[in-house]
Amino acid sequence: MATEIEPGPSPARQVGRILIADDVAVQVEYLARLLARDGHIVFRARDGAEALDVAAREQPDLVLLDVMMPERSGFEVCRAMKTDPATRLIPVVLVTALQESADKIHGIEAGADDFLSKPVNAHELLARVRSLLRIKRYTDDLESAESVILSLALTIEARDAYTDGHCQRLAAYAAVLGAALNLGGDDMQALKQGGVLHDLGKIGVPDATLLKPGALTPLEFETVKQHPIVGDRLCGPLRSLKRVRPIVRHHHEHFDGSGYPDGLRGDEIPLLAQIMGVVDVFDALTTERPYKAANSVDEACRQLEEERAAGWRRPDLVDTFLTLVREKRVPFLDEPPRNGVSVR
Ligand SMILES: [Fe+2]
């Protein structure tokens with residue numbers, strides 16, 4: 001059973017909710033008293049299974065984990081926490097009497113954020129705790145900011161009945177094309193996020209323009225052309241979205257320099273943005289819009305080839321994607337015609 005210890009009279013610089021997991025009661029009590037005296041709220045667990053239980057339920061800011069516990073070792077518990085999305089961002093400190101560097105490597109491989117040696121020095125403990133709590137606060141702030149941005153992108157999709165599922169399809173198309181190009185894990189992750197976030201900046205485009213069935217006036221088009229810049233600016237403060245920003249900013253550039261917002265040409269255009277540009281157009285062509293029916297897949301392929309011939313797209317990207325389409329390796333193509341999205 002986890003126990004909560006009331007914080008002591010001395011206020012901490014930053015109060016944290018800290019879980020101590022150790023099968024040795026004396027050790028738990030010693031650490032708990034030190035932490036409570038520093039103002040922290042303490043939870044206790046007597047074995048690995050209970051530690052996982054309390055961590056999932058209480059979402060502590062930090063976990064001090066004894067390595068040598070019966071049944072499930074600290075290494076195992078740490079690994080389990082770091083692979084569970086619900087607990088993976090909680091810092092874990094392994095408390096160990098082990099001195100071997102092999103054990104430290106084992107701990108790092110399990111995802112441990114820091115180590116403390118037994119017997120635990122009180123000053124060292126409190127200094128590590130304060131430092132990790134500070135990092136946890138930043139992580140929390142970043143995570144909530146990222147989820148706000150993602151929600152915002154999905155809200156924009158929901159604004160327009162004609163864009164239903166566009167973000168999801170784009171993320172899937174881009175992932176298939178990226179995999180065919182043998183892109184690495186970071187790029188693949190950026191493509192998936194880029195599928196959702198690429199039109200984030202449309203938050204700045206009025207409904208009357210965004211949903212207009214006919215041709216846009218030059219002034220309206222100028223407003224639409226701002227959306228990559230606005231989206232890029234919204235993602236700017238988030239370091240976690242650094243790799244997605246080039247997709248957001250450059251997915252409307254053309255290979256011959258005739259696109260927007262920066263008129264980049266050729267390889268000046270980031271590869272991931274070029275990929276997003278190809279699949280964005282394909283999705284627009286194969287979906288219905290207020291003023292036209294959805295094109296067949298064959299017709300969409302033909303029009304994409306026209307864009308390549310006109311110099312708008314990098315030829316090998318178009319060829320690879322069309323091969324994937326014709327080999328039916330692209331998802332969603334067998335679905336009935338659906339509502340569409342403008343790629344103005
Ligand atoms: Fe766009």
With R249, which residues qualify under side-chain hydrogen bond (donor to acceptor under 3.5 Å, both in side chains), at least two apart?
D232, D262

Just how far is it from atom NZ of K202 to atom CD of Q226, taken to the nearest 0.5 Å?
13.5 Å

For A55 and M81, work out which heavy atoms get closest and say how close.
CB-CE, 4.2 Å

For V15 and G39 the tightest heavy-atom approach is CG1-O, 3.2 Å

Could you check if a side-chain atom of D267 sits within less than 4.5 angstrom of a side-chain atom of R314, using non-hydrogen atoms only?
yes

Below 4.5 Å, heavy atoms only, C-beta onward: do H40 and L62 meet side chain to side chain?
no

D38 and V129, any side-chain heavy atoms less than 4.5 Å apart:
no

With the side chain counted from C-beta on, respond yes when H251 and D199 share a heavy-atom pair under 4.5 Å apart, and no when they do not.
yes

Sorted by chain and number, sequence neighbours left out, side-chain hydrogen bond (donor to acceptor under 3.5 Å, both in side chains) with E299 holds for R302, Q303

Contact summary for C78 and A112, nearest pair of heavy atoms
SG-N, 3.5 Å

Of the non-hydrogen atoms in P228 and Y260, which two are nearest, and what is the gap between them?
CG-CE1, 3.8 Å

As an exercise, state the distance from CD of E268 to CD of Q274, rounded to the nearest 0.5 Å.
10.5 Å

Flag side-chain contact, heavy atom, 4.5 Å: R169 against T286
no

Could you tell me which residues satisfy side-chain contact (heavy atoms from CB on, under 4.5 Å) with A49, sequence neighbours excluded, listed by chain and number?
D47

Would I247 and L197 count as a side-chain contact (heavy atoms from CB on, under 4.5 Å) if you check the C-alpha gap in whole Å, the side-chain angles of each, and the deciding distance to 0.1 Å?
CA-CA 9 Å; I247 298 176; L197 292 174; over 6 Å; no

Heavy-atom closest contact (G74 atom, L65 atom, distance):
O-CD2, 3.4 Å

Find out whether L317 and L271 are in side-chain contact, i.e. whether some heavy atom of one side chain is under 4.5 Å from a heavy atom of the other.
yes

With sequence neighbours excluded, tell me which residues meet ring pair (Phe, Tyr, Trp, His ring centres under 6.0 Å) with F321.
F282

Hits for side-chain contact (heavy atoms from CB on, under 4.5 Å) against T217, two or more places apart or cross-chain, chain-then-number order -> K212, L219, E220

Distance-only, no hydrogens or angles: does the E71 side chain make a donor-acceptor pair with backbone N or O of G48 under 3.5 Å?
no

Starting at NE2 of H198, measure out to SG of C167 and round the result to the nearest 0.5 Å.
5.5 Å

For K136, enumerate each residue passing the salt bridge (charged side-chain N to carboxylate O under 4.0 Å, His left out) test, keeping only those at least two apart in sequence or located in another chain.
D61, D140

Could you walk me through whether L116 and E124 pass side-chain contact (heavy atoms from CB on, under 4.5 Å), step by step?
CA-CA 8 Å; L116 273 175; E124 193 181 357; 4.0 Å; yes

For F75 and L94, run side-chain contact (heavy atoms from CB on, under 4.5 Å): C-alpha distance rounded to whole Å, both residues' side-chain angles, the deciding distance at 0.1 Å, then the answer.
CA-CA 8 Å; F75 295 131; L94 287 177; 3.8 Å; yes

Going from CG on L170 to CD1 on I275, what distance comes out if it is rounded to the nearest 0.5 angstrom?
11.5 Å

What pairs meet the side-chain hydrogen bond (donor to acceptor under 3.5 Å, both in side chains) rule with one or both residues in residues 106-116, with sequence neighbours excluded?
K82-D113, D114-R128

Does D319 have any side-chain contact (heavy atoms from CB on, under 4.5 Å) partners at least two apart in sequence or in another chain, and if so, which?
R308

Go through R44 and E50 one step at a time and tell me if the side-chain contact (heavy atoms from CB on, under 4.5 Å) criterion holds.
CA-CA 9 Å; R44 297 191 280 194; E50 189 181 14; over 6 Å; no

Just one of L35, L64, L31 clears the side-chain contact (heavy atoms from CB on, under 4.5 Å) bar with V42, so which one?
L35

Using the rule that two of Ile, Leu, Val, Met, Phe, Trp, Tyr join whenever any of their side-chain heavy atoms come within less than 4.5 Å, decide whether L181 and I269 are in one cluster.
no

Rounded to the nearest 0.5 Å, what separation is found between the CG atom of D23 and the CE atom of M69?
7.0 Å

Tell me every residue that passes salt bridge (charged side-chain N to carboxylate O under 4.0 Å, His left out) with D298, counting only those two or more places apart in sequence or in another chain.
none

Does the Q189 side chain pair with the main chain of D186, one donor and one acceptor, at a distance under 3.5 Å?
no

Linking I/L/V/M/F/W/Y whenever their side-chain heavy atoms sit closer than 4.5 Å, directly or via other members, would I18 and V24 fall into one cluster?
no

Please work out whether the ring planes of H252 and H227 are parallel, tilted or perpendicular, with thresholds of 30° and 60°.
perpendicular

Could you state whether W312 and L264 fall into the same hydrophobic cluster, counting links through intermediate Ile, Leu, Val, Met, Phe, Trp or Tyr residues with side-chain heavy atoms under 4.5 angstrom apart?
no

Backbone N or O of D66 within a donor-acceptor pair of the D22 side chain at under 3.5 Å?
no

Closest contact, heavy atoms only, P246 versus A273
O-CB, 3.6 Å

Any side-chain to backbone donor/acceptor pair from Q193 onto V244? Under 3.5 Å, distance only.
no

If I take atom CD1 from residue I20 and atom CZ from residue R46, how far apart are they, to the nearest 0.5 angstrom?
14.5 Å

L211 reachable from L216 in the ILVMFWY side-chain graph, under 4.5 Å edges
yes

Just jot down the salt bridge (charged side-chain N to carboxylate O under 4.0 Å, His left out) partners of R134, sequence neighbours excluded, or say none.
none

ILVMFWY network linking L304 to F255, side-chain heavy atoms under 4.5 angstrom:
no

My understanding is that only residues two or more places apart in sequence, or in another chain, count here; which of them pass salt bridge (charged side-chain N to carboxylate O under 4.0 Å, His left out) with D53?
R57

side-chain contact (heavy atoms from CB on, under 4.5 Å) filter on R72, not counting sequence neighbours, yields L52, E76, V77, A80

If you define the side chain from C-beta out and look only at heavy atoms, does anything of L272 sit under 4.5 Å from R243?
no

Q27 side chain near V95 side chain, heavy-atom distance below 4.5 Å
yes

